[in-house]
Amino acid sequence: IHYSHKHKDKYKDKEHKHKDHKKDKEREKSKHGSRYWMGMKSLDGKVKKEKENGFASPPHMKIEPEEDFYHSPKLAKSLKRERDDDNDLDFKPKKIKTENDKKAKKRKQEDEFLFLFLWEEERYTDGVKWKFLEHKGPVFAPPYEPLPSNVKFYYDGKPMKLSPEAEEVATFFSKMLDHEYTTKDIFRKNFFKDWRKEMTSEEKAKITDLKKCNFTEMSEYFKGLSEARKAMTKEQKLKIKEENERLLQEYGFCIMDNHRERIANFRIEPPGLFRGRGDHPKMGMLKRRIRPQDIIINCSKNSKHPEPPPGTKWKEVRHDNKVTWLVSWTENIQGSIKYIMLNPSSRIKGEKDWQKYETARRLKKCVDRIRAQYREDWKSKEMRVRQRAVAIYFIDKLALRAGNEKEEGETADTVGCCSLRVEHIKLYPENEGQEYVVEFDFLGKDSIRYYNKVPVEKRVFKNLQLFMENKEPDDDLFDRLNTSVLNKHLQELMDGLSAKVFRTYNASITLQQQLKELTNEDENIPAKILAPPKTFEKSMQNLQAKIDAKRDQLANAKRDLKAAKADAKGLRDDKSKKTVETKRKAVQRIEEQLMKLEVQATDREENKQIALGTSKLNYLDPRISVAWCKKWGIPIEKIYNKTQREKFAWAIDMAEKDFEF
DNA sequence: AGCACGGACTCAGAAAACTTACA
DNA sequence: GTGTAAGTTTTCTGAGTCCGTGC
């Protein structure tokens, strides 16, 4: 590997005394791709190198063809090196693909070490994330378009023209009419409260009861619009597509340290009604429209700053290169900050991802020690140490999340390990032939139910009994523990260790073991390994879809029933009474069907379903899969789709067939 | 010292959009 | 061949983790 930079040369020389540099260089050049980390698929010839800062905005930057997913970063360049501005060619890393070459293998390991070295250097010096950042700012939600005059809102059966502000909020509700949300009390209450805030004083005086509001005409109108959109001609659809593409090209990319990087979310979230997950106390509240004066822009001083729309101003333009976001604003529901950041394919996210797996690999080296330690701590004299030790055991063995404490009444009531309450576990000294069984039943992240019955060590069991003594169901199980205490301890056990590293480590190591175990030479590999989880997951999803459909159907039927009732009240004839009865029966029938489906779903749940998609993206070191593919000659496309390949470009490039997690 | 708080970042499922298989 | 359903990918944004800061 050639580094013109002295200090790297020095480092390199130490490690590679006898390398044939010339050969390497040639090989490298002939290779189409290049080492991701060194980012040598540069913008050479595309970005004008503007010298010293080297980052002046390239006025006519070309778009890199999509199939080339190496929007490779110049890590080396972003590191602090003296600006002797040698040309980039000298930085070209090696592409090592020589299968039989032992040297290559060795070099690869050294490579990895070097990467680590470079990373550490960048990271621990000053926390700088970039040297140059330029972008076009966010794309705002389209302005509200008032309803045509023939689409009416009715209050108490009478048409009523709403002020634009009140009307807009009403349309948000009308668009969700088919959704289960709108039947929930909290949702309706929150919505109505916030809606009234948008009303004129006359409207406020008149509209006092949500039940008397009739949004159906509005709802039908929007359904019609979406039908019309579906029925558009090919040309019209194409036109929209082109417009989107134009917007993407203009706003969907930024320049960060010499590379044109994809932005993850360049559109500002449009206004609407807040939909939390689970039993969220704030569901239905108005999520307000974000304006330029709410927006903070982050970019380089020496970049071309994005312009606010004519006649408006940004809240602030700052130049903080210790953070990775381009745009931020404060959201009005929880008061939290929202960001516009880069795509997972970007250098900055890729590096972080890679670092995450490196931390997990370091855990691999000391996990035995740590396990021995917490088992020892189960016997500690100190309560807090015992609690901590049992908690780590759960996190390790059951992949529980850390479980930060949350403000009551601000969010749905969900828990993780440290925030478990007595009511969430049951202890069985003896259960179905097993000893010391703990039954977990609680709502975790996104209000997803965690239900599990596991036998545990006797000591753990006894400890849990101890922790639960003299406590109420809603008391904390681990009253001497919280996530910051826990993580501080973990940090002492290993640099960079925190609760979530266990998930990454355990998921990845298991994948590796399973692949080793299940893959055998004389079998046709792909079918066997890839099929079962896929079909299983699918069947689960299908069921969920059925349930959802049934729910919608139920909501519809209920509404029909309501409408029929209203009619009957007005008309008082036999015919309408009869329809009410049929509708009522329909509702009942659908309710029963829904029940059946839900039972089915929980049954399957017992079989323990794993969200394969999520772990694939977030917990499994992609290098394991890449190595496996290379080893068995399986095309990487079989495993990762385009987006995933972009996200894992670093791993695809880095991992050889003998990679060991 | 310890703790509340905010900030920045990863991870998560729902929904929308798109693609492919199938009647 | 065409319309539709099923499957897959992409987008969206909410829900966590974790750490630094300031009292």
What does [X] touch in the nucleic acid at a heavy-atom separation under 4.0 angstrom: a base, only the sugar-phosphate, or nothing?
{"X": "A/K230", "value": "nothing"}
{"X": "A/G444", "value": "sugar-phosphate"}
{"X": "A/E331", "value": "nothing"}
{"X": "A/T483", "value": "nothing"}

Subject >> Set of side-chain hydrogen bond (donor to acceptor under 3.5 Å, both in side chains) partners for A/Y374, sequence neighbours left out >> reply: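 Applying side-chain hydrogen bond (donor to acceptor under 3.5 Å, both in side chains) to A/Y374 gives A/D396.
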Subject >> All side-chain hydrogen bond (donor to acceptor under 3.5 Å, both in side chains) counterparts of A/E423, not counting sequence neighbours >> reply: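 Once residues adjacent in sequence are excluded, the partners of A/E423 under the side-chain hydrogen bond (donor to acceptor under 3.5 Å, both in side chains) criterion are A/R421.
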Nucleotide nearest [X] when distance is taken to its side chain, options [options]:
{"X": "A/K406", "options": "C/dT9, C/dA15, C/dG16", "value": "C/dG16"}
{"X": "A/P270", "options": "B/dA8, C/dA15, C/dT13", "value": "C/dT13"}
{"X": "A/Y339", "options": "B/dG7, B/dA12, C/dG14", "value": "B/dG7"}
{"X": "A/A499", "options": "C/dC18, C/dG14, C/dC19", "value": "C/dC18"}
{"X": "A/Q491", "options": "C/dG14, C/dT17, C/dC19", "value": "C/dC19"}
{"X": "A/H179", "options": "B/dA15, C/dT11, C/dA15", "value": "B/dA15"}
{"X": "A/T414", "options": "C/dC12, C/dG16, C/dA15", "value": "C/dG16"}

Original post:
Do any side-chain nitrogens or oxygens of A/H280 fall under 4.0 Å of OP1 or OP2 in C/dA15?
Top reply: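 Yes, such a contact exists.
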Original post:
Quick one: ring-ring contact (aromatic ring centres under 6.0 Å, His included) pairs with a partner in residues 274-297 of chain A, sequence neighbours left out?
Top reply: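 Pairs touching residues 274-297 of chain A that pass the test: A/F274-A/H280.
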Between protein and nucleic acid, restricted to nucleotides 2-5 of chain B and to nitrogen or oxygen atoms under 3.5 Å apart, what atom pairs and distances do you find?
none

**OP:** Measure distances between side-chain N and O atoms of A/R277 and base N and O atoms of B/dG13, and say whether any donor-acceptor pair falls under 3.5 Å.
**Re:**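 Yes, the side chain and the base share a sub-3.5 Å donor-acceptor pair.
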**OP:** Spell out yes or no: do the side chain of A/K500 and the base of B/dC11 have one donor N/O and one acceptor N/O closer than 3.5 Å?
**Re:**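 In this structure, the two groups form no donor-acceptor pair.
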Original post:
Could you state the CZ-P distance from A/R384 to B/dA1, rounded to the nearest angstrom?
Top reply: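 Distance check: A/R384 CZ to B/dA1 P gives 14 Å.
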Subject >> Value in whole Å for how far the C1' atom of B/dC9 lies from CG of A/D320 >> reply: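 After rounding, the gap between these two atoms is 14 Å.
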Subject >> Pairs satisfying salt bridge (Lys or Arg N to Asp or Glu O under 4.0 Å), at least one member in residues 290-299 of chain A, at least two apart >> reply: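 For residues 290-299 of chain A, and leaving out neighbouring residues, the salt bridge (Lys or Arg N to Asp or Glu O under 4.0 Å) pairs sorted by first residue read A/R288-A/D294, A/R291-A/D294.
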I'd like a table of atom pairs between the protein and nucleotides 21-23 of chain B - only N or O on both sides, under 3.5 Å - with the distance next to each one.
none

**OP:** Mind listing the closest non-hydrogen atom pair of A/L248 and A/F253 along with its distance?
**Re:**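 Heavy-atom minimum between the residues: O-CD1, 3.5 Å.
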